[in-house]
Amino acid sequence: MAQAVFSTPHSQGIRQIFTEITPYYDFLNGLLSLRLDRAWRRWAVERAVDGSERSILDLGTGTGKFLQAFLARGTFERACGVDLCESMLERARQSVRRPGVVWLAADVSKGIPCESASVDLVSAAFTLRSLRDHLPFFFSEVFRVLKPGGKAVFLELTRPARGILKWLYYPYLSIYLPLVGALVSRSFQAYSFLANSIRHFEEPSKVAEMLKQAGFASADCSSYTGGIATLIRAKKP
Ligand SMILES: C[S@@+](CC[C@H](N)C(=O)[O-])C[C@H]1O[C@@H](n2cnc3c(N)ncnc32)[C@H](O)[C@@H]1O
């Protein structure tokens with residue numbers, strides 16, 4: 001089965017992939033998603049915050065776009081973006097110039113470098129697919145660092161379940177995404193990994209189930225653009 005032949009690269013492989021594509025990452029995100037990535041982040045922020053949050057930890061922060069969308073809401077006093085790829089973090093440092101924001105290089109599949117019960121909101125956009133083999137441990141770490149009543153929000157690329165989009169999406173994943181990604185970034189390996197990681201990622205309902213198993217009191221999913229992206233929200237009791 002196709003499932004058996006895809007395995008997520010280890011952290012070193014993930015770091016190499018994102019280091020290679022750093023200069024093209026934001027441009028290609030816009031091109032490959034027809035700029036929907038920005039709308040998805042914005043919609044996710046609107047659903048995630050209620051104005052009471054003071055601290056945020058963005059995991060797999062990349063060039064900082066998701067964290068930036070949260071900071072635009074203006075209710076945060078402390079913010080931290082974590083990523084294992086230094087070149088992505090460097091872009092984030094240059095584009096998000098705001099006091100109170102800290103950038104950390106760390107591999108969150110091995111643990112989140114934060115004190116327990118110290119954060120109001122944990123976020124991650126398009127990061128879970130790289131952590132596919134570590135999700136139960138990763139979710140237990142997210143649970144640990146959240147304050148009681150804290151929230152976690154994960155935005156992820158998923159697969160449309162039905163209709164015309166379902167049929168169009170597979171040629172998009174097999175041909176358009178790896179081809180355009182490779183032509184622009186000159187890294188076929190990187191964009192075929194990204195396409196495969198979407199094809200083989202867990203169903204959102206399964207991810208929600210894993211969050212509940214990690215201790216979260218509730219976990220729900222909202223799909224965007226026919227299921228091409230999904231927001232998964234969870235709340236710590
Ligand atoms: C697809 S990008 C998403 C970037 C950003 N969140 C966004 O909204 O565009 C995934 C990011 O997760 C980071 N990442 C993947 N695995 C990681 C890990 N184990 N620890 C820390 N960062 C990781 C990658 O380096 C990359 O920057």
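Start at 1 with the first residue, then count along the sequence. Just so you know, ligand 1 is whichever comes first in the structure, and atom 1 is the first atom listed for that ligand. Quantities reported herein were computed from a predicted structural model and do not represent experimental measurements.
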**Report entry** Parallel, tilted or perpendicular: ring planes of Tyr169 versus Tyr172, cut at 30 and 60 degrees
**Finding:** parallel
**Report entry** Those atoms of ligand 1 less than 4.0 Å from some heavy atom in Met88
**Finding:** 27 (O)
**Report entry** Protein contact to atom 8 (O) of ligand 1 [nearest heavy atom, distance to 0.1 Å]
**Finding:** Arg41 NE, 3.0 Å
Requested in this report: Mind running salt bridge (Lys or Arg N to Asp or Glu O under 4.0 Å) on Glu141 and Arg144 for me, showing each step along the way?
Outcome: CA-CA 5 Å; Glu141 278 290 282; Arg144 178 183 67 75; 2.9 Å; yes
Query raised in the report: Is a donor on one side and an acceptor on the other found under 3.5 Å between the side chain of Ser118 and the backbone of Glu115?
Result: yes
Query raised in the report: Going by the atom numbers of ligand 1, which of them fall below 4.0 Å from some non-hydrogen atom of Ser130?
Result: 15 (C), 16 (N)
Query raised in the report: Under 3.5 Å, N or O to N or O, is Phe66 touching ligand 1 that way?
Result: no
**Report entry** Exercise: identify the closest heavy-atom pair between Lys147 and Lys236
**Finding:** O-CD, 3.6 Å
Requested in this report: Show which atoms of ligand 1 fall inside a sub-4.0 Å distance from at least one heavy-atom site of Asp107.
Outcome: 18 (C), 19 (N), 20 (N)
Query raised in the report: Any non-hydrogen atom of Ala106 lying under 4.0 Å from ligand 1?
Result: yes
**Report entry** Phe143 ring center within less than 6.0 Å of Phe139 ring center
**Finding:** no
Query raised in the report: For ligand 1, which atoms, with element, lie under 4.0 Å from some heavy atom of Cys85?
Result: 25 (O)
**Report entry** Close-contact set for ligand 1 against Leu131 heavy atoms, below 4.0 Å
**Finding:** 19 (N)
Report summary line: In ligand 1, the atoms that come under 4.0 Å of a heavy atom of Ile14 are 15 (C), 16 (N)
Query raised in the report: Any idea which protein heavy atom is nearest atom 22 (N) of ligand 1, and the distance to it?
Result: Leu84 N, 3.2 Å
Query raised in the report: At a 4.0 Å cut-off, with the gap strictly under it, does some heavy atom of His134 reach an atom of ligand 1?
Result: no
Requested in this report: Name the closest protein heavy atom to atom 13 (C) of ligand 1, giving the residue it belongs to and the distance to 0.1 Å.
Outcome: Asp83 OD2, 3.2 Å
Query raised in the report: Does any N or O in the side chain of Arg97 come within less than 3.5 Å of the main-chain N or O of Gln94, such that one atom is a donor and the other an acceptor?
Result: yes
Query raised in the report: With a 4.0 Å heavy-atom cut-off (strictly under), which part of Phe126 contacts ligand 1: side chain, backbone, both or neither?
Result: both
**Report entry** Gly81 backbone acceptor or donor facing Asp58 side chain under 3.5 Å
**Finding:** no
**Report entry** Identity and separation of the nearest protein heavy atom to atom 20 (N) of ligand 1
**Finding:** Val108 N, 2.9 Å
Query - Protein contact to atom 12 (O) of ligand 1 [nearest heavy atom, distance to 0.1 Å] - result: Gly60 CA, 3.4 Å
**Report entry** Pair Ser197, Arg129: side-chain N/O donor-acceptor within cut-off below 3.5 Å
**Finding:** yes
Query raised in the report: Do Gln16 and Gln12 meet the criterion of a side-chain donor-acceptor pair at a distance under 3.5 Å?
Result: no
Query - Donor + acceptor pair across side chains of Arg199, Tyr170 (<3.5 Å) - result: no
Report summary line: for atom 2 (S) of ligand 1, nearest protein heavy atom and its distance come out as Tyr25 OH, 3.3 Å
